[in-house]
Amino acid sequence: MKIRSIKANAILNIIYTVTNLLFPLITYPYVARILSADGIGRVNFFTAASNYAVMFAALGVSTYGVRAVAKVRDNKKELSDTLTELLLINLIATLCVLVVYAVISLFVPQFNRDPALCVVNAATIAATPWGMNWLYSGLEQYGYITKRTIVFKLVSLVLIFALIHDRNDYIVYAIILAFASVGSYICNFLYARKLVGFSKLRGLNLQQHISPMLVLFASSLAISVYTNLDTVMLGIMQNDREVGLYTTAVKVKSILLAVVNAISTVLLPRLSYYVSRGDKKEYNESMKKSMGVIFLITFPLTIFFIENALDTVLVLGGNDYVDSTLCMKVLMPILIISGFSNIIGNQVLIPLGKDKYFMQAVVCGALADFILNFILIPRYGCVGAAVATLFAEALQMSIQFFHGKNIILRNFNSKSLAHTVLSTCIAAVCIALASNLVGITMSNPLVRVIVNAVLYFSIYLVILLLIKDEYAIELVTDLKNRKKL
């Protein structure tokens, strides 16, 4: 089985991630205006609830499976056994979760108010185990994942613009979203049989996976607090409009963070492989470069979108969503915080088997998020949820850093970080001056965002090249070499 370079995998995973992000980025402004904040809020409430169900059914396999597959990918028999064992555990857990989901749907008012959405999300839950994305990540088969995603997103894109016409079409919107997921899962299962066979049930050892899976499941449960619980608590403690406002603010942060984490994600299987072989040199070199690149990306993105929060909200949702501007500004520093914590978690703690420290960090963050949500949401709505999430992310990152500080500090490039901060500050000041003095006052917010982005990131890159930042130079060199091929 051909294994591509880390750089190739990173590019493929970024394309995969960007494809996933372009889909909502293109459709969300249209859907947000058609369905209104109430309709968007209702769909996202059920989606957040089903995401919890999927997480419980997965029992941590999404992270554990990547590491387990990466370690045995050179042994065909062990790989087949691992695949079959993890899929079987996932299927059993999913069946149990579906029973609980059905009971909740029947008796909880927030769920039985819309039976159609319950059924749509139940179908997604039932299909999720067959997706086995952890298998493809562990085998570093990012080419297939990217191609499959592009096809289903394009079909869904056409369906949304063809079928969503008024605010009562929110169920159709939910069905289209489910189609994109379920279709991908079915294709994944069929293609997986070409990569590796399934073992017979006799002789399998499910027990060996349970303990480490449960540790990572607890971590996944805690992490989901940052991504789903805020939305659910807003829906219960406030109203659909607050959910819609919060979703719009979170949308930008989630899109940007997914691109950033695409780099960190591809390193988990490769670093796990290095650890299993005891290759410290390759491990440390990969760590140092990934930290430099993550900061090179996250810091300027954070500052740019804080400066341009209002215009970004107007582009995504229109005037009806202006109240989510402050919420978005509060959330944007999470790009830097979460980008750094993903380095520590996915590249230090998990590959080295320090799962309990990873769990400790995210559980503390989750508890803080829940408590602050409970205090702040009733009074401040979506802004309160944003403040709670920011604090929780900072807390869990700090705890992770404490447990992984030796490796992080040994591979930390302070010179590159100084270059990044200096270049970002100069670019930000230039954009602010240009807006005030030159008068970039175009009436269309999309045009303003595009013009500001082009100026801002051009200045940022030029400054980095002038001060000879090693990662910026390497990036430009790679782009030039690709154009020559």
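All residue numbers in this chain count up from 1 along the given sequence. Model, not experiment: these values are computed from the prediction. The analysis underlying the following values was restricted to heavy atoms, covering all of them including side chains, and did not include hydrogens, waters or symmetry mates.
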**OP:** Could you tell me which residues satisfy side chain to side chain contact (heavy atoms under 4.5 Å, CB included) with Ser184, sequence neighbours excluded, listed by chain and number?
**Re:** Arg148, Phe152
Original post:
Near Tyr173 OH, under 6.0 Å, is it more than 12 heavy atoms from other residues, nucleotides or ligands?
Top reply: yes
Subject >> Beyond-backbone contact of Leu83 with Met132, side-chain heavy atoms, under 4.5 angstrom >> reply: yes
**OP:** Count the heavy atoms of every other residue, nucleotide or ligand shown that sit under 6.0 Å from CZ of Phe401, and state whether that count exceeds 12.
**Re:** yes
Subject >> Exercise: identify the closest heavy-atom pair between Leu395 and Cys364 >> reply: CD2-O, 3.7 Å
Original post:
When rounded to the nearest 0.5 angstrom, what is the spacing between OG1 in Thr302 and CD1 in Ile337?
Top reply: 8.5 Å
Subject >> Verdict with supporting geometry, Val158 and Leu154, side-chain contact (heavy atoms from CB on, under 4.5 Å) >> reply: CA-CA 6 Å; Val158 173; Leu154 284 175; 5.9 Å; no
Subject >> Where Asn373 and Gly384 come nearest, the two heavy atoms and their spacing >> reply: OD1-O, 4.5 Å
Original post:
Looking at side-chain heavy atoms only, is the closest gap between Gln400 and Gln360 below 4.5 Å?
Top reply: no
Subject >> Side-chain heavy atoms of Phe295 within contact of Ile336, under 4.5 Å >> reply: yes
**OP:** Please name the pair of heavy atoms, one in Ser341 and one in Ser338, separated by the smallest distance, quoted to 0.1 Å.
**Re:** OG-O, 3.0 Å
Original post:
So, Asp311 side chain and Leu446 main chain: donor-acceptor pair closer than 3.5 Å or not?
Top reply: no
Original post:
Going by heavy atoms in the side chains, are Thr325 and Leu314 under 4.5 Å from each other?
Top reply: no
Subject >> Candidates Asp369, Leu331, Ile334 - the one meeting side chain to side chain contact (heavy atoms under 4.5 Å, CB included) with Glu393 >> reply: Ile334
Original post:
Is the CZ atom of Phe161 crowded by more than 12 outside heavy atoms at less than 6.0 Å?
Top reply: yes
Original post:
Aromatic rings Phe189 and Trp130: how do their planes relate, parallel, tilted or perpendicular, breaks at 30° and 60°?
Top reply: perpendicular
Subject >> Pairwise distance NZ(Lys153) to CD1(Ile160) - rounded to 0.5 angstrom >> reply: 9.0 Å
**OP:** Write down the atom of Ala174, the atom of Val120, and the distance for their closest heavy-atom approach.
**Re:** O-CG1, 3.6 Å
Original post:
What heavy-atom pair brings Cys327 and Ala386 nearest, and what distance separates the two atoms?
Top reply: SG-CB, 3.6 Å
**OP:** Could you tell me the separation between the CD1 atom of Ile306 and the CG atom of Leu301, rounded to the nearest 0.5 Å?
**Re:** 11.0 Å
Original post:
Quick one: does Leu159's side chain get under 4.5 Å of Phe179's, heavy atoms only?
Top reply: yes
Subject >> Euclidean distance, Cys382 SG relative to Asp323 CG, rounded to 0.5 Å >> reply: 7.5 Å
Original post:
Between Ala123 and Val182, what is the shortest heavy-atom contact and its length?
Top reply: O-CG2, 4.2 Å
Subject >> Contacts of type side chain to side chain contact (heavy atoms under 4.5 Å, CB included), residue Leu326, not counting sequence neighbours >> reply: Val330, Val383
Original post:
Can you find a pair of side-chain heavy atoms, one from Phe305 and one from Thr312, that are under 4.5 Å apart?
Top reply: yes
**OP:** Say whether Thr94 and Tyr101, considering side chains only, have a donor N or O and an acceptor N or O under 3.5 Å apart.
**Re:** no
**OP:** Working to the nearest 0.5 Å, report the span between OG1 of Thr298 and CZ of Phe340.
**Re:** 10.5 Å
**OP:** Taking side chain to side chain contact (heavy atoms under 4.5 Å, CB included) as the test, write out the residues that go with Tyr185, two or more places apart.
**Re:** Ala127, Thr128, Ser181
**OP:** Can you measure from CD1 (Ile344) to OH (Tyr357) and round to the nearest 0.5 angstrom?
**Re:** 15.0 Å
Original post:
Would you call Thr389 and Tyr246 a side-chain contact if the rule is heavy atoms closer than 4.5 Å?
Top reply: yes
**OP:** Report yes or no: does Asp169 contribute a side-chain atom to a donor-acceptor pair with the main-chain N or O of Asp166 at less than 3.5 Å?
**Re:** yes
